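Encoded as structure tokens, the structure appears first; notes follow it.
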Amino acid sequence: MGIEAGMWRPPDMSWMFPDPDQCLDIHLVVTPSVVEGATPRFNHWALNWTVRDIDGIIEIRRVHIVREIGHDHLTNWGPLTGATERTPQMVLILVCQLTLAERKILEHIAQNTEVMVPNGEWNCQDWLLTVFEKAIEAGIMKKADIDRATRRAYGVMPICERPC
């Protein structure tokens, strides 16, 4: 999963903010790249759902892969709960609603979906597409919902501080 000896797992606040036993919206979150000359393939994709939102303090449960600073690989830390700060640039795309039991299946799928060594082509989008395929096979998501969400995600353009 891209975890090397000596790497520290990010904090997980699920002990304090447990995933509620109710149907929740699952979002494909696209964070646009700010790299000059980037294409939509440079954008970061993640899945998340809100487990608590009180007075604008939002706690989310997230599954995604990241490239850790100082490591030449992608890392899958598995599902993590923590605070989030939504920026105006982030695009939240509703994928579907899942029950707690279905989210647990999704978490298991994500936790066990391998990452590839960065090769200049394979990235977080490919990983998430694999998670989606497995979720469809498991019967917890519908292909039509995934197709709609990914079509919209592919249309999110990077943000360049200078003209791209």
Side-chain angles (χ1 to χ4, degrees), residues 1-15 17-21 23-33 35 38-51 59-84 90-156 158:
M1 296 303 157
I3 301 170
E4 297 175 351
M7 291 178 72
W8 293 89
R9 179 179 170 83
D12 182 12
M13 299 299 290
S14 60
W15 61 273
F17 306 109
D19 202 352
D21 190 1
C23 242
L24 294 178
D25 291 344
I26 307 302
H27 290 100
L28 167 54
V29 180
V30 180
T31 305
S33 174
V35 173
T39 68
R41 278 289 289 168
F42 284 69
N43 294 341
H44 183 71
W45 286 13
L47 272 185
N48 77 24
W49 52 96
T50 301
V51 297
E59 302 291 337
I60 61 160
R61 189 95 170 132
R62 174 185 300 135
V63 294
H64 67 151
I65 60 173
V66 293
R67 184 165 182 179
E68 297 291 348
I69 294 171
H71 296 275
D72 191 26
H73 60 77
L74 298 166
T75 304
N76 178 0
W77 290 109
L80 295 168
T81 297
T84 188
M90 291 172 72
V91 178
L92 272 68
I93 302 165
L94 178 65
V95 177
C96 63
Q97 287 191 330
L98 296 179
T99 65
L100 177 59
E102 291 166 331
R103 292 193 304 276
K104 293 299 179 195
I105 293 168
L106 177 62
E107 289 182 359
H108 179 76
I109 290 168
Q111 176 73 50
N112 292 291
T113 298
E114 303 231 358
V115 297
M116 291 180 59
V117 174
N119 61 7
E121 292 182 28
W122 193 92
N123 68 12
C124 60
Q125 296 175 17
D126 300 292
W127 178 84
L128 195 50
L129 290 172
T130 302
V131 170
F132 282 149
E133 288 171 14
K134 292 178 180 182
I136 292 167
E137 289 170 9
I140 61 168
M141 290 185 171
K142 295 181 178 136
K143 185 176 184 328
D145 292 337
I146 302 303
D147 289 348
R148 177 189 40 75
T150 55
R151 236 186 343 270
R152 183 154 173 233
Y154 283 128
V156 175

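In this text, all values refer to a predicted model and were calculated from it rather than measured experimentally. Count residues from 1 along the sequence.
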Separation between CG of L92 and CD1 of I26, rounded to the nearest 0.5 Å:
11.5 Å
Can you confirm whether L106 sits close enough to V131 that some side-chain heavy atom of one is under 4.5 Å from a side-chain heavy atom of the other?
yes
Taking only Lys NZ, Arg NE, NH1 and NH2, and the carboxylate oxygens of Asp or Glu, determine whether D21 and R103 approach each other closer than 4.0 Å.
no
Assign the ring pair W45 / Y154 to parallel, tilted or perpendicular, where the plane angle (0 to 90°) is split at 30° and 60°.
tilted
Do you see a donor-acceptor pair shorter than 3.5 Å between the side chains of W49 and D19?
yes
Evaluate the side-chain proximity of V51 to P20: yes if any heavy-atom separation is below 4.5 Å, no if none is.
yes
Euclidean distance, L24 CG relative to E102 CD, rounded to 0.5 Å:
11.0 Å
Would you check if the side chain of N76 reaches a backbone N or O of A110 as a donor-acceptor pair within less than 3.5 Å?
yes
Does some side-chain heavy atom of T81 sit less than 4.5 Å from a side-chain heavy atom of W15?
no
Expected output: side-chain N123 to main-chain R41 donor-acceptor under 3.5 Å
yes
Between D25 and Q97, is there a donor-acceptor pair closer than 3.5 Å when you use the side chain of the first and the backbone of the second?
no
Find the distance between NE2 (H44) and CE (M90) and round it off to the nearest 0.5 Å.
9.0 Å
Heavy-atom nearest pair, V156 first then P32, reads CG1-CG, 3.9 Å
Using residues 134-148 as the side-chain source, report each donor-acceptor pair under 3.5 Å to any protein atom, sequence neighbours left out, with the distance given to one decimal.
from, atom 1, to, atom 2, distance (Å)
K143, NZ, D147, OD1, 3.3
K143, NZ, D147, OD2, 2.8
R148, NH1, L94, O, 2.8
R148, NH2, L94, O, 3.4
R148, NH2, V95, O, 3.0

To check you understand the geometry: which heavy-atom pair defines the closest contact between A46 and H64, and what is its length?
CB-CB, 3.5 Å
Look at the side chain of E107 and the backbone N and O of G78, then say whether any donor-acceptor pair between them is shorter than 3.5 Å.
no
Side chains of L80 and R62 in contact at under 4.5 Å (non-hydrogen atoms)
no
Can you tell me how far the OG1 atom of T130 sits from the CD atom of Q125, to the nearest 0.5 Å?
12.0 Å
Taking all atoms of both residues into account, what is the closest heavy-atom pair of L28 and A149, and its distance?
CD2-O, 3.8 Å
Beyond-backbone contact of V91 with R152, side-chain heavy atoms, under 4.5 angstrom
yes
Do any N or O atoms from the side chain of N48 and from the backbone of R61 form a donor-acceptor pair under 3.5 angstrom?
no
To the closest 0.5 Å, what do you measure between CG (D126) and CD1 (I65)?
8.0 Å
Could you tell me if the side chain of N43 sits less than 4.5 Å from the side chain of P158, heavy atoms only?
yes
